[in-house]
Engineer: 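Quick one: this structure, given as structure tokens, is what I'll be asking you about.
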Amino acid sequence: MSKGDARTAGEAAARSSYGRLLSLIVRSTRDIAAAEDALADAFAEALRVWPERGVPDSPEAWLLTTARRAAGHVRRHQGVREAAAPALEQVYDAMQSRTPKDFPDERLKLMFVCAHPAIDETVRTPLMLQTILGLDAARIARAFLVEAPAMSQRLVRAKTKIRDAGVAFEVPDTSVLEERLEDVLAAIYAAYTLGWDDVPGEAAVGEPLTQEAVFLARLVVMLLPQAPEAKGLLALMLASEARMAARRGPGGDYVPLKEQDVRLWNGALMAESEACLRAAAAFGRPGRFQTEAAIQSLHNQSVMVGDVPPSVLLMLYDVLVRQSPAIGAAVARAVAYGEHRSAEEGLATLDEIPAARVERYQPYWAARFHLLQSAGQLKEAAEAQAKAISLTQDPALVAFLTARLNRPA
Amino acid sequence: MQYMLIFTEPTEVFARRENPAEAPAYWGAWTSYMGAIAKAGIMVNGDGLHPPHTATTVRVRNGKREVQDGPYADVKEQLGGYVVIEVAGLDAALDWAAKSPSAEYGSVEVRPVLPQPAR
């Protein structure tokens, strides 16, 4: 086997099972940073050993055993009493059973640990993205519009706090889960958004982040069937998943929602999304994810049948910005106002967003470009366009934004 | 794990200790709280402190001792006492902190105690 094959197999295992492996190792180390180091050692070891001896039948079990050995080695050297290592059979069980009755997935448990109120609120979602999905600090920093060293520092501090302050790795009961649910849902949605923005071709190894996020949301819905917002989030992501095949043209070019070929939409996912949203709404406890799912549902309907009154859509956006602090929600609302009222009204709505929050937020500049162009302010439009292009790494989006300026609005 | 619960109180609460109308309720609340900790078998040690105006702060700068009247920082809430408890983890420590009288009118800082270095 070539070095390249081993690397590919290693990367596939890393991508698809990072969080599952890490959450299992954390169970014995009770120290996230130490578990990350042990897992990194195991991956390095895999790259050394697999090209010579071949990829093991169960790469995940091999990595887990190797990482546990690395973690145990470190503990012995620190002179700490080592907990009895669980039997390998138990490890296999834990990895294969995705739905034991007490807690469906160790990853989810780790997410609820990361959402502990004793951890700085701003670092909870980044911490979950790093531990569960193995994203590096630089990528997380980009998504949260902060500098990479600052993000690294916050993540390190949070892990130290969890270890030294004795934050429990057991999640006690449903009432606590519900308290922390908001942060967990926010992290899952952030993962989904990151996956959605993945530059096609770059993240080709393993399951896409979007599918991981959908999987985690399904787990939360199963775990907390009485939480309407969990269902709302799942409905929201499924509505987007349903359109996945239509968002790029044959040449990989960017296709905006209104121009998508609805025959490429996945009807089963769309129906599941609708059912999920109805189930959530039945609780009579509204929330941002239910509102966003309702907006997506309306968008889908308007493209398919075209008879959705704009006032309903604008009202939902008004509700959304009251429920959600996300910049994305505020930008989407401005776009909707621009489309259904006037470009000027859209621009005015966009101007309500504090400038400091949107400096490096690509969708804001793309929206601003589009609205300025519609309003005939071409000079300002070109400036916004340049800014929007500078903030994306997706060649299809660059091509789309470039083409839009050349053609009359 | 051991945690120190650090109780801070605002100035007007310290004044209750000297006020005959309020002192019994003030001390009663602390006695019953510390009693509950002792009864739970988690007490390592703990003390109440005289109010901040009795404090003296010492610093040594360039080999020279500087002594100053009052606590190290002049802030609205001041250290009133502490207790060290032995519990399973942070959540249990936070639960005990929340039950203390100063959680109601002041605040409680919860800090893990450094373990003794291995000898």
Side-chain angles (χ1 to χ4, degrees), chain A residues 23 26-35 72-83 103 108-121 123-124 127 131 156-181 183-184, chain B residues 1-10 33-34 36-47 73 75-119:
Chain A
S23 54
V26 161
R27 261 199 335 196
S28 52
T29 63
R30 318 190 75 74
D31 177 344
I32 293 172
H73 186 70
V74 172
R75 278 203 303 280
R76 275 191 300 280
H77 276 254
Q78 287 171 341
V80 177
R81 191 169 50 89
E82 193 184 355
F103 211 98
L108 211 47
K109 192 191 272 185
L110 186 53
M111 288 187 91
F112 280 97
V113 170
C114 295
H116 195 286
I119 298 170
D120 172 20
E121 200 177 339
V123 79
R124 290 177 202 154
L127 188 60
T131 55
V156 168
R157 201 181 296 146
K159 287 174 220 169
T160 309
K161 166 98 191 245
I162 291 175
R163 183 194 62 201
D164 293 345
V167 173
F169 280 90
E170 285 76 32
V171 177
D173 57 45
T174 312
S175 67
V176 171
L177 295 185
E178 276 171 6
E179 252 173 53
R180 302 185 197 169
L181 182 64
D183 286 304
V184 169
Chain B
M1 276 185 79
Q2 292 191 357
Y3 294 86
M4 181 181 275
L5 312 188
I6 302 158
F7 307 114
T8 53
E9 304 188 338
Y33 175 66
M34 295 306 271
I37 287 183
K39 206 173 156 210
I42 56 169
M43 170 80 89
V44 178
N45 56 55
D47 291 293
V75 290
K76 283 209 177 74
E77 287 190 1
Q78 290 288 353
L79 184 63
Y82 70 93
V83 62
V84 176
I85 57 173
E86 172 88 50
V87 289
L90 182 63
D91 290 314
L94 295 179
D95 287 345
W96 279 105
K99 286 181 194 143
S100 75
S102 62
E104 299 275 342
Y105 47 67
S107 52
V108 187
E109 184 174 323
V110 178
R111 288 259 206 119
V113 174
L114 275 175
Q116 293 293 319
R119 283 170 214 279

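Within every chain, numbering begins at 1; the chains are lettered A, B, ... in the order of the sequence lines, protein sequences first and strands thereafter.
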Engineer: Should we say atom CD of A:E178 is surrounded by more than 12 heavy atoms from elsewhere, each under 6.0 Å from it?
Structural biologist: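 Buried by this count: over 12 neighbours within 6.0 Å.
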
Engineer: Is it the backbone or the side chain of B:L94 that comes under 4.5 Å from a heavy atom of chain A, or both, or neither?
Structural biologist: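 Side chain only.
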
Engineer: Heavy atoms only: give me the nearest B:P112-A:A165 pair and the separation to one decimal.
Structural biologist: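 In this case the closest contact between B:P112 and A:A165 is CG-CA, 3.6 Å.
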
Engineer: Evaluate whether atom CZ of B:R111 has more than 12 neighbouring non-hydrogen atoms of other residues, nucleotides or ligands under 6.0 angstrom away.
Structural biologist: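 Counting neighbours around CZ of B:R111, 12 or fewer heavy atoms of other residues, nucleotides or ligands fall under 6.0 Å, so no.
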
Engineer: Which pair of non-hydrogen atoms, one from B:L90 and one from A:H116, has the smallest distance, and what is that distance?
Structural biologist: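 Smallest interatomic distance, heavy atoms only, reads CD2-CE1, 4.0 Å.
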
Engineer: Between B:M1 and A:D164, which heavy-atom pair has the shortest distance, and what is it?
Structural biologist: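 Nearest pair, atom of B:M1 first, then A:D164: CE-O, 3.3 Å.
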
Engineer: Could you pull out all residues at least two apart from B:E77 that satisfy side-chain hydrogen bond (donor to acceptor under 3.5 Å, both in side chains)?
Structural biologist: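 side-chain hydrogen bond (donor to acceptor under 3.5 Å, both in side chains) list for B:E77, sorted by chain: B:T8, B:S107.
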
